[in-house]
Amino acid sequence: MNQAIRNSWIVALAMFLAILASLTYVQFFAADELNANPINNRQLYKEFGQNRGSILVDGAPIAESVPSNDQFNYQRVYNNPEVYSALTGYFSLVHGSSQLEQALSDELSGNSDQQFYDRLVQIFSGAQAQGASVELTIDPQLQQMAYDLIPDGQRGSIVMMDPKTGDILAMVSKPSYDTNLLAGHDTQAVEANMDQLLSVPGLSPYLNPATQSLLAPGSTFKLVDAAAALETGKFNAESVIPNPQALPLPGTTISLPNYTNGACASRSEADIQFALEQSCNTVFAQIAWEVGQDALAEQAEKFGFGETFSIPTPVTASSFPETEDQAELALSSIGQGSVTATPLQVAMISAAIANNGVQMTPNLIKTVRAPDLSVLDEPEPKVLNESISPGTAAQLTDWMVSVVDNGTASAARIPGVKVAGKTGTAEVQDRGDNAWFTGFAPADDPEVVISIVMENVDLATGSQLTTPSAQKLLEAVLNK
């Protein structure tokens with residue numbers, strides 16, 4: 001009898017230990033996985049029942065949670081959503097979250113490590129949980145102005161940065177969308193809205209084109225060529241290079257033509273300043289051949305190509321191809337072929353030049369504050385790359401000023417101010433061109449860097465939508 005009792009106790013103890021182990025696993029080891037499970041309705045209700053923190057620009061909310069008369073208690077609302085959708089992303093019951101709503105979800109929901117004490121106080125006091133607010137570096141006037149300068153129906157992006165800190169002052173793209181369409185609590189309506197958004201040509205609600213769209217950078221990449229030419233010591237300001245109107249590409253039956261809309265045809269030889277002013281393709285192809293694939297790839301890398309980072313939203317790495325093919329290298333040197341860059345990356349090239357060769361890490365976040373307004377995070381400027389020497393930066397700046405004063409970027413001139421710039425046109429197969437401008441002002445003490453791209457346009461339209469828009473935006477900064 002005693003043996004039977006002992007066996008029963010052993011079985012009962014084993015079952016108790018099994019239950020305890022199972023609960024421990026669920027509570028401590030599987031909690032994150034279970035919380036993330038899309039069929040976990042309890043977690044969904046908990047998340048959407050929170051008073052999520054606001055995303056602010058100049059103190060005004062562009063995303064906030066307001067009380068709702070349904071089972072979720074709060075509704076996420078976006079203000080001026082089309083202007084900010086690529087930055088905020090969405091917080092959706094059906095589709096999860098994207099961009100800042102995803103990247104800073106822990107802070108906005110109150111679940112970050114820095115908010116642990118606040119959560120304890122809420123638990124013991126019974127107070128309503130509340131997330132932190134996030135203030136962006138964005139200037140609202142520049143953001144609105146940049147958005148308005150991209151015509152409705154036109155696919156394009158504009159990025160503006162402070163080259164000394166990396167702070168992003170404006171970042172917009174079109175086509176855009178109303179993030180409120182994806183934030184509703186009516187799941188059928190949200191699904192229908194998403195289907196409609198996905199049918200808009202050129203629009204992806206999942207992506208920020210300025211940081212995640214890879215485009216041929218065209219002649220803006222010639223800034224990388226010119227930097228490599230100087231950094232390798234194989235060229236200087238006095239170097240003269242043959243400037244044929246067509247350059248046969250090795251191993252092919254085709255030739256690379258010079259840019260026909262500038263004054264390239266006026267000289268059979270050119271220095272780098274003239275070649276940059278008039279965007280002469282054949283000069284830069286020969287520079288690429290002379291410095292070589294490895295040096296050009298290394299210089300591109302020093303400007304940020306191939307690097308993945310966050311701002312804190314994800315930034316797709318721009319790409320410079322590995323190739324031993326001389327024809328491909330020539331095309332790469334003019335930003336064609338397999339070279340791809342985000343609009344942010346093109347701004348980062350100019351930012352490094354503007355900041356004496358030092359490339360700062362781009363950043364969108366000014367401060368993160370707890371509900372009691374105490375500062376949880378205040379990102380400091382950080383160096384991303386030592387891209388070029390100060391001497392090379394100074395020479396490139398002088399050449400870029402000449403591009404505006406005497407070359408293809410003359411529409412960016414501002415009376416009484418030295419403006420540095422570079423235009424670019426990238427031909428895209430079976431489509432129109434990508435038209436680019438990048439630059440900074442004032443050239444002698446830069447306050448702002450800009451990159452503009454307009455996709456699938458003809459040459460005349462691209463010229464009208466890029467360089468003149470840059471002039472307006474740069475002037476707006478300088479007049480503040």
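From a predicted model like this one, the values you see are computed outputs, not experimental measurements. Note that these values count all heavy atoms, side chains included, but never hydrogens, waters or copies made by symmetry.
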| Atom pair CG (Asp162) and OG1 (Thr137), whose distance is rounded to the nearest 0.5 Å | 9.5 Å
| task | Please identify each residue that fulfils salt bridge (Lys or Arg N to Asp or Glu O under 4.0 Å) with Asp271, with sequence neighbours left out. | result | none
| message | Return the OG1 to CZ distance between Thr220 and Phe437, rounded to the nearest 0.5 Å. | response | 11.0 Å
| note | Closest non-hydrogen contact found for Ala288 with Leu296 is CB-CD2, 3.8 Å
| Which residue pairs pass the side chain to side chain donor-acceptor pair (under 3.5 Å) test when at least one of the two sits in residues 310-334, sequence neighbours left out? | Glu328-Ser338
| request: Could you pull out the closest heavy-atom pair between Ser157 and Pro343, with the gap in Å? | output: CB-CG, 3.9 Å
| task | Any salt bridge (charged side-chain N to carboxylate O under 4.0 Å, His left out) involving residues 450-462? Give me the pairs, sequence neighbours left out, ordered by first then second residue. | result | Arg155-Glu455, Arg431-Glu455
| said: Treating Glu135 as the side-chain partner and Val368 as the backbone partner, does any N or O pair qualify as donor plus acceptor under 3.5 Å? | reply: no
| task | Kindly compute the distance separating CG (Asn456) from CD (Gln154), expressed to the nearest 0.5 Å. | result | 7.5 Å
| said: Between Thr211 and Met171, is there a side-chain heavy-atom distance shorter than 4.5 Å? | reply: yes
| remark: side chain to side chain contact (heavy atoms under 4.5 Å, CB included) test vs Ile138 passes for just one of Leu87, Leu169, Asp167, namely Leu87
| remark: Residues passing the side-chain contact (heavy atoms from CB on, under 4.5 Å) test with Asn80, sequence neighbours excluded, are Val83, Tyr84, Gln144
| With a 4.5 Å limit on heavy-atom distance, are the side chains of Leu223 and Met400 in contact? | yes
| field | Heavy-atom side-chain proximity of Asn434 to Pro217 below 4.5 angstrom | value | no
| task | Examine distances only and state if a side-chain atom of Ser463 and a backbone atom of Leu459 form a donor-acceptor pair shorter than 3.5 Å. | result | yes
| task | Give a yes or no on whether the backbone of Val404 and the side-chain of Arg413 come within a donor-acceptor separation of less than 3.5 Å. | result | yes
| Where Gln143 and Ala170 come nearest, the two heavy atoms and their spacing | OE1-CA, 3.3 Å
| remark: By side chain to side chain donor-acceptor pair (under 3.5 Å), Thr423 pairs with (sequence neighbours left out) Thr408
| task | To the nearest 0.5 Å, tell me how far Met348 CE sits from Phe309 CZ. | result | 3.5 Å
| In terms of the angle between their ring planes, are Tyr90 and Tyr206 parallel, tilted or perpendicular, with boundaries placed at 30° and 60°? | perpendicular
| message | Is there a side-chain contact between Met160 and Leu473 in this structure, where contact means two heavy atoms from C-beta onward sitting under 4.5 Å apart? | response | yes
| field | side chain to side chain donor-acceptor pair (under 3.5 Å) contacts in which one or both residues fall within residues 273-288, not counting sequence neighbours | value | Ser219-Ser279, Lys222-Ser279, Lys222-Asn281, Asn243-Thr282, Asn258-Thr282, Gln273-Glu277, Gln273-Ser402, Glu277-Ser402, Ser279-Lys422
| field | With Thr232 via side chain to side chain donor-acceptor pair (under 3.5 Å) - residues at least two apart | value | none
| task | Would you name the heavy atoms of Ala330 and Ala285 that are closest together and state the gap between them? | result | CB-CB, 3.9 Å
| said: So which atom in Val283 and which in Ala275 form the shortest heavy-atom distance, rounded to 0.1 Å? | reply: CG1-CB, 3.6 Å
| query | Would you say the side-chain atoms of Ser54 pair up with the backbone N or O of Leu56, donor to acceptor, closer than 3.5 Å? | reply | no
| field | Working for side-chain contact (heavy atoms from CB on, under 4.5 Å), residues Leu136 and Leu100 | value | CA-CA 10 Å; Leu136 305 187; Leu100 286 170; 3.8 Å; yes
| message | Let me confirm one number: the CG-OG1 distance from Leu230 to Thr392, rounded to the nearest 0.5 Å. | response | 5.0 Å
| note | Contacts of Ser350 meeting side chain to side chain donor-acceptor pair (under 3.5 Å) (sequence neighbours excluded), chain-then-number -> Thr438
| said: Using side-chain contact (heavy atoms from CB on, under 4.5 Å), reason through Gln212 and Gln99 one step at a time and then give a plain yes or no. | reply: CA-CA 11 Å; Gln212 295 174 290; Gln99 301 307 323; 3.0 Å; yes
| So, do Pro163 and Met360 sit near enough that their side-chain heavy atoms are less than 4.5 Å apart? | no
| said: Counting only heavy atoms not in Lys234 (residues, nucleotides, ligands), do more than 12 fall under 6.0 Å from its NZ? | reply: yes
| Heavy-atom check, side chain of Gln293 versus side chain of Phe320, under 4.5 Å | yes
| said: Strictly by disulfide (SG to SG under 2.5 Å), give each pair with a member in residues 233-295 just once, sequence neighbours left out. | reply: Cys264-Cys280
Sequence neighbours excluded and cut-off under 3.5 Å, please list the side-chain donor-acceptor pairs for residues 175-183, or say none.
unit_1	atom_1	unit_2	atom_2	d
Ser176	OG	Glu82	O	2.5
Ser176	OG	Ser85	OG	2.7
Tyr177	OH	Pro205	O	3.3
Asp178	OD1	Asn180	N	2.9
Asp178	OD1	Asn180	ND2	2.9
Asn180	OD1	Tyr78	N	2.8
Asn180	ND2	Tyr78	O	2.9

In residues 299-308, what donor-acceptor pairs under 3.5 Å come from side-chain atoms, sequence neighbours left out?
unit_1	atom_1	unit_2	atom_2	d
Gln299	NE2	Ser387	O	3.2
Glu307	OE1	Asn385	ND2	3.3

| If we only count heavy atoms from C-beta on, is the Ile365 to Leu104 side-chain gap below 4.5 Å? | yes
| Taking side chain as C-beta onward, heavy atoms only, is Glu386 less than 4.5 Å from Val358? | yes
| query | Taking the side chain from Asn355 and the backbone from Ala351, do they hold a donor-acceptor pair closer than 3.5 Å? | reply | no
| Nearest heavy-atom pair of Ala237 and Gln395: which atoms, and what distance? | CB-OE1, 3.5 Å
| said: Measuring from atom CG of Leu149 to atom CG of Leu465, what distance do you get when rounded to the nearest 0.5 angstrom? | reply: 9.0 Å
| Ile334 and Tyr259: side-chain contact (heavy atoms from CB on, under 4.5 Å), yes or no, with the steps? | CA-CA 10 Å; Ile334 63 168; Tyr259 181 60; over 6 Å; no
| What's the verdict on side-chain contact (heavy atoms from CB on, under 4.5 Å) for Leu215 and Val346, showing C-alpha distance, side-chain angles and the deciding distance? | CA-CA 10 Å; Leu215 306 170; Val346 173; over 6 Å; no
| query | Can you name the residues that form a side chain to side chain donor-acceptor pair (under 3.5 Å) with Asp445, not counting sequence neighbours? | reply | Lys164
